[in-house]
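All remarks here apply to the structure that follows.
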Amino acid sequence: MAIKERSAQEDVRLSFDCAADRLGLPQGVCIMLVEPWRELRVSLPVRMDDGRVEVFIGYRVQHNAVRGPYKGGVRYHPHADEDEVRALASLMTWKTALLDIPFGGAKGGIELDPHTLSEAELNRVTRRYTRSIQHLLGPHRDIPAPDMGTNAQTMAWMMDEYGQMHGYNPSVVTGKPVELGGSAGREAATGRGAVFVLTEAMRDLGMQVKGARIAVQGFGNVGSWFARIAHEEGMRIVAVADLNGSVCNANGLDVPALTDYAREHRTVAGFTGGENCRTEDIFSVDCDVFVPAAMENALTEENAWTLPAKLVLEAANHPTTPEADRILRERGIPVLPDILVNGGGVTVSYFEWTQNLQQFSWSEERVNEELHKRIVAAYCAVAKKARETGYTFREAAMDIGVERVARAIELRGFV
Ligand code: GLU
């Protein structure tokens, strides 16, 4: 990981400040949009399997709820500290506004490496965390979801723990297992939404979808579902990287076989259907589209000058530093921004929440259709604004999101 002088919050703030300037937002509104409305830091003492007690640190940052209840994932990662969670919480506010779903923005996290804990330990940490933040949560208050290091099982534990205190209420979290009120299509939704955005953008940019060469950095929930669906759409996944290495095949990887391999070995490294390379080699693979689908700060000034792609699709949250963003712009490489590209996850979370409130469930087909409608509408609004103003896709997306939140503040008569 590159050494950074600024914090994640400062990076994200920079992008907001530029939007506020372009929009000419009044100072009072700016202040309300910068500071998180509420945040909580909790110590989580947990009995480990060997009898020791460990204390983990957790957070829930509620950035803004002017357009609806707080909404956002819970991340389990050693770097899920205050700074990162705050930055990601504000991105959720712009994302839900851009997708035009009736939520605000929040994020939670626990500083831990989930791979070093047993299933039983993760269950206990999750329950302790849920108990510690339960007074902030509620179906009309704050609705967590999975993020990096968490999944449907984590949400099932959260729902169960919350239910023990407040009564059965599945709409308090989204991204649950389908058997417990989760939505069909939620697990694949972020990857699917990213494919929908990419397909529209390629058409607009005059790029061929079938046979397009795609390099994917990260093969967790988002990267693997993106690769599977892009492969089904006839794109060629020419390289996939994770923390342990990368596999490359200029003719296109056999993605279903790679997915099975990765599920079994918990890495793509060692897959025999391509050449095995180092993790960082993903940044020099010849491709049409580069898809960062892992951590923050993947694209930096160290690799942005030489990245051999024609288009960047930000499936991860905040994967491009402001310097790399500027370099890619100078090189004429469009960047489709995170708050648009990975908005499919929270969009289907919204469908899950509405299904739970109505005690009715939709077919996967309907979920995917509605997702397509919403994310393509958001893409079209961003592309139109970018075309009309000469702004980058990120600038256009930020302006639309921030303007909607600012308008809601004005309508509510806060300031
Ligand atoms: N963690 C996902 C995100 O960053 C999903 C959030 C949600 O569904 O609330 O967008």
Side-chain angles (χ1 to χ4, degrees), residues 8 12 59-65 67-77 80 84-110 114 133 136-152 154-155 158-159 170-177 181-194 197 218 220-223 225-226 292-296 314-319 337-356 367 370-371 374-375 378 397 401:
V12 171
Y59 306 91
R60 185 71 181 167
V61 174
Q62 299 180 325
H63 176 258
N64 189 289
R67 296 183 69 262
Y70 297 103
K71 186 84 192 82
V74 176
R75 174 172 288 205
Y76 288 180
H77 192 275
E84 180 171 299
V85 175
R86 271 191 202 137
L88 295 171
S90 67
L91 284 178
M92 286 308 302
T93 303
W94 319 133
K95 192 186 302 185
T96 51
L98 175 62
L99 270 301
D100 207 9
I101 53 182
F103 290 130
K107 201 77 163 200
I110 307 181
I133 65 164
L136 303 187
L137 306 181
H140 297 284
R141 193 172 285 177
D142 184 351
I143 307 129
D147 197 87
M148 192 181 290
T150 56
N151 53 28
T154 322
M155 295 305 113
M158 286 192 84
M159 178 188 96
S171 50
V172 71
V173 288
T174 58
K176 299 176 290 293
S183 176
R186 173 62 185 86
E187 198 192 287
T190 312
R192 188 177 302 280
V197 171
N221 172 281
V222 180
W225 275 108
F226 168 81
M295 288 290 289
E296 294 82 43
E314 291 187 339
N317 284 314
H318 186 45
D338 48 4
I339 59 171
L340 170 66
V341 174
N342 69 31
V346 73
T347 300
V348 176
S349 275
Y350 166 52
F351 301 157
E352 179 172 331
W353 179 74
T354 54
Q355 290 171 72
N356 291 156
V367 168
E370 297 274 347
L371 168 62
R374 292 208 172 236
I375 206 154

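As the structure lists them, so they are numbered: ligands from 1, and atoms in each ligand from 1.
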Could you tell me, atom by atom, which parts of ligand 1 come under 4.0 Å of a heavy atom of Met92? 3 (C), 4 (O), 6 (C), 10 (O)
Under 4.0 Å from any heavy atom of Val346, which atoms of ligand 1 are there? 7 (C), 8 (O), 9 (O)
Ignoring hydrogens and geometry, is there a side-chain-to-backbone donor-acceptor pair from Glu352 to Gly175 under 3.5 Å? yes
Do Arg75 side-chain atoms and Thr150 backbone N/O form a donor-acceptor pair below 3.5 Å? no
Flag Pro146 as yes when one of its N or O atoms lies below 3.5 Å from any N or O atom of ligand 1, and as no otherwise. yes
OH of Tyr76 to CE of Met148: how many Å apart, nearest 0.5 Å? 14.5 Å
What distance do Asn151 atom CG and Lys176 atom NZ have between them, rounded to the nearest 0.5 Å? 14.0 Å
Contact with ligand 1 for [X], non-hydrogen, under 4.0 angstrom:
| X | result |
| --- | --- |
| Lys95 | yes |
| Arg186 | yes |
| Gly72 | yes |
| Lys107 | yes |

Between Asn317 and ligand 1, which residue portion shows a heavy-atom distance shorter than 4.0 Å: side chain, backbone, both, or neither? side chain
For Val61 and Met92, what are the C-alpha separation, side-chain angles and deciding distance, and is it a side-chain contact (heavy atoms from CB on, under 4.5 Å)? CA-CA 11 Å; Val61 174; Met92 286 308 302; over 6 Å; no
Steps toward side chain to side chain donor-acceptor pair (under 3.5 Å) verdict (Ser90, His63): CA-CA 6 Å; Ser90 67; His63 176 258; 4.8 Å; no
Nearest neighbour in protein (non-hydrogen) for [atom]:
| atom | answer |
| --- | --- |
| atom 8 (O) of ligand 1 | Ser349 OG, 2.6 Å |
| atom 9 (O) of ligand 1 | Lys71 NZ, 2.8 Å |
| atom 7 (C) of ligand 1 | Ala145 CB, 3.3 Å |
| atom 1 (N) of ligand 1 | Asp147 OD1, 2.7 Å |

Under the side chain to side chain contact (heavy atoms under 4.5 Å, CB included) test against Tyr350, which residue among Leu99, Thr96, Ile101 passes? Ile101
Applying salt bridge (Lys or Arg N to Asp or Glu O under 4.0 Å), run through Lys107 and Asp142 and close with a yes or a no. CA-CA 10 Å; Lys107 201 77 163 200; Asp142 184 351; over 6 Å; no
